[in-house]
J.: 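I'd like to ask some things about the structure below.
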Amino acid sequence: MTWTLVIHGGAGKLDSEMVSPEQDAGARAGLSRALDAGSKVLADGGSALDAVEAAVRVLEDDPHFNSGRGAVFTHDGTLELDAAIMDGRTRAAGAVAAATATRNPVGLARAILDDGRHVFLAGKGADAFSRDRGLPQADADWFATDERRRQFAEFQADGGGFDVDMKYG
Amino acid sequence: TVGAVACDTQGHVAAATSTGGVTGKRWGRIGDTPVIGAGTFADDRACAVSCTGSGEFFLRVGVGHEIAARVRLSGESLQVAADAVLAEVKALGGTGGVIVAGPNGDMAWGFNTIGMYRGTASSAGSRTVAIYANE
């Protein structure tokens, strides 16, 4: 039987002038590691659900992408992380919005899916659920990177306008 | 935003998406990523979808569910459905991309920006990693 895996690390104003050679190489390496992680699960006969979680965890830990470590800053200089996961077999789903302290937000979404009572948790409640489940926590220093701090400073210098396209992400 | 869709050796599909959102977001703004049926959706009867882009537009169109519904109800291919729904997003003024995996092993992606970080792998040994539209 065959298996397939597709991943993304975000879309936007990405062209070779705007993407530094370091970002280009770093992002390609990160995508490759995510493919390795998901492919290993699938090649071993694992589920699509475990494979997509494994691939996204790699991308969340990689500072080249806007999620988890490397996430962009909010208007107030904080970090609010969103994630979701869904199983096509059962249509079970787990989602989290505005989580602030779970190292891998997709792992929190998966815990919500596995718990099964709810689909979508947000904010402080989601953070409490994560702690109750003993998920690995991380502080803002883990998530924040110098590059995102620089972009946030640039954003503020530009007057902090809400530019959904200039996402820096 | 990052995401993955997959089809396993049992023909089941799944989707996952994760994001920090938009630089400078305020008032508790949430985009499409955590909204099931918008930024993330999976149904063995159709496909799995993960999205990235200007979330407000992906929410309004209900991109994940809409792509799956077109595949399930009208028998469109993953690529035709993805392109059609992305065109709706663009018509409303949104930009971004989608990745799609089907229970029969089909894969598709689409994006209306000048680039998307993306990759594919399969049991057939195919593998791609790309960033720019012209790759």
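All of these numbers come straight from a predicted model, not from anything done at the bench. No hydrogens, no waters, no symmetry mates; every other heavy atom, side chains included, goes into these values.
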J.: Between A:E80 and B:R26, is the closest basic N to carboxylate O distance under 4.0 Å?
T.: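 Salt bridge flag = no for A:E80 with B:R26.
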J.: What are the two closest non-hydrogen atoms of B:A130 and A:L31, and how far apart are they?
T.: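 In terms of heavy atoms, the two residues are closest at O-CD1, 4.0 Å.
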J.: Under a 4.5 Å heavy-atom cut-off, does chain B meet the side chain of A:T2, its backbone, both or neither?
T.: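 For A:T2, heavy atoms of backbone and side chain both lie under 4.5 Å from chain B.
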J.: Nearest 0.5 Å, please: how far is CD in A:E60 from OG1 in B:T19?
T.: 10.0 Å
J.: Between B:G96, B:S50, B:A101, B:G97, which has the largest tally of heavy atom pairs under 4.5 Å with chain A?
T.: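 Among B:G96, B:S50, B:A101, B:G97, the one with the most close pairs to chain A is B:S50.
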J.: Find the distance between CG (A:L35) and CZ (B:R118) and round it off to the nearest 0.5 Å.
T.: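 One finds 12.5 Å between CG of A:L35 and CZ of B:R118.
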J.: Going from CD1 on B:I30 to CZ on A:F120, what distance comes out if it is rounded to the nearest 0.5 angstrom?
T.: 6.5 Å
J.: Say whether A:D24 and B:Y132, considering side chains only, have a donor N or O and an acceptor N or O under 3.5 Å apart.
T.: yes
J.: When heavy-atom pairs shorter than 4.5 Å are enumerated against chain A, which of B:V100, B:T120, B:T128, B:I36 gives the highest number?
T.: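 With the most close heavy-atom pairs to chain A, the winner is B:T120.
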J.: Please look at A:F73 and chain B and tell me whether the side chain, the backbone, both or neither of the residue comes under 4.5 angstrom of a heavy atom of that chain.
T.: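 Interface part for A:F73: backbone (N, CA, C, O).
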J.: First locate atom CG of B:D8, then atom CG of A:L5, and finally report the distance between them rounded to the nearest 0.5 Å.
T.: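 One finds 11.5 Å between CG of B:D8 and CG of A:L5.
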J.: Return the option, out of B:I99, B:T40, B:D106, with the maximum number of heavy-atom pairs under 4.5 Å with chain A.
T.: B:I99
J.: Of all heavy-atom pairs between A:A97 and B:P34, which one has the smallest distance, and what is that distance?
T.: CB-CG, 4.3 Å
J.: Are A:L42 and B:V129 connected in a single hydrophobic cluster, I mean Ile/Leu/Val/Met/Phe/Trp/Tyr linked by side-chain heavy atoms less than 4.5 Å apart?
T.: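 Yes; A:L42 is reachable from B:V129 via cluster members.
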J.: Does a salt bridge link B:R127 with A:D36, judged by any charged N lying under 4.0 Å from a carboxylate O?
T.: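 Salt bridge present between B:R127 and A:D36.
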J.: Residues two or more places apart in sequence or in another chain: which of them pass ring-ring contact (aromatic ring centres under 6.0 Å, His included) with B:H12?
T.: none
J.: Please identify, among B:S123, B:A108, B:G31, the residue contributing the most non-hydrogen atom pairs under 4.5 Å to chain A.
T.: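 Among the listed options, the one with the most contacts to chain A is B:S123.
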J.: Return the option, out of B:W109, B:F41, B:F111, with the maximum number of heavy-atom pairs under 4.5 Å with chain A.
T.: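 Of the candidates given, the most pairs with chain A belong to B:F41.
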J.: Nearest 0.5 Å, please: how far is CG in A:N66 from OG1 in B:T1?
T.: 5.5 Å
J.: Let me know if A:V6 has heavy atoms under 4.5 Å from chain B in its side chain, its backbone, both or neither.
T.: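 Contact with chain B involves both backbone and side-chain atoms of A:V6.
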J.: So which residue, B:V2, B:D43, B:T113, ends up with the most heavy-atom pairs under 4.5 Å with chain A?
T.: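 Top count of heavy-atom pairs under 4.5 Å with chain A: B:V2.
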J.: Of the non-hydrogen atoms in A:T74 and B:K25, which two are nearest, and what is the gap between them?
T.: CB-O, 3.3 Å
J.: Checking an interface table here. Which of residues 51-59 of chain A come within a heavy-atom distance under 4.5 Å of chain B?
T.: A:A51, A:V52, A:A55, A:V56, A:L59
J.: Give, as side chain, backbone, both or neither, the part of A:V41 having an atom under 4.5 angstrom from any heavy atom of chain B.
T.: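 No part of it gets close to chain B.
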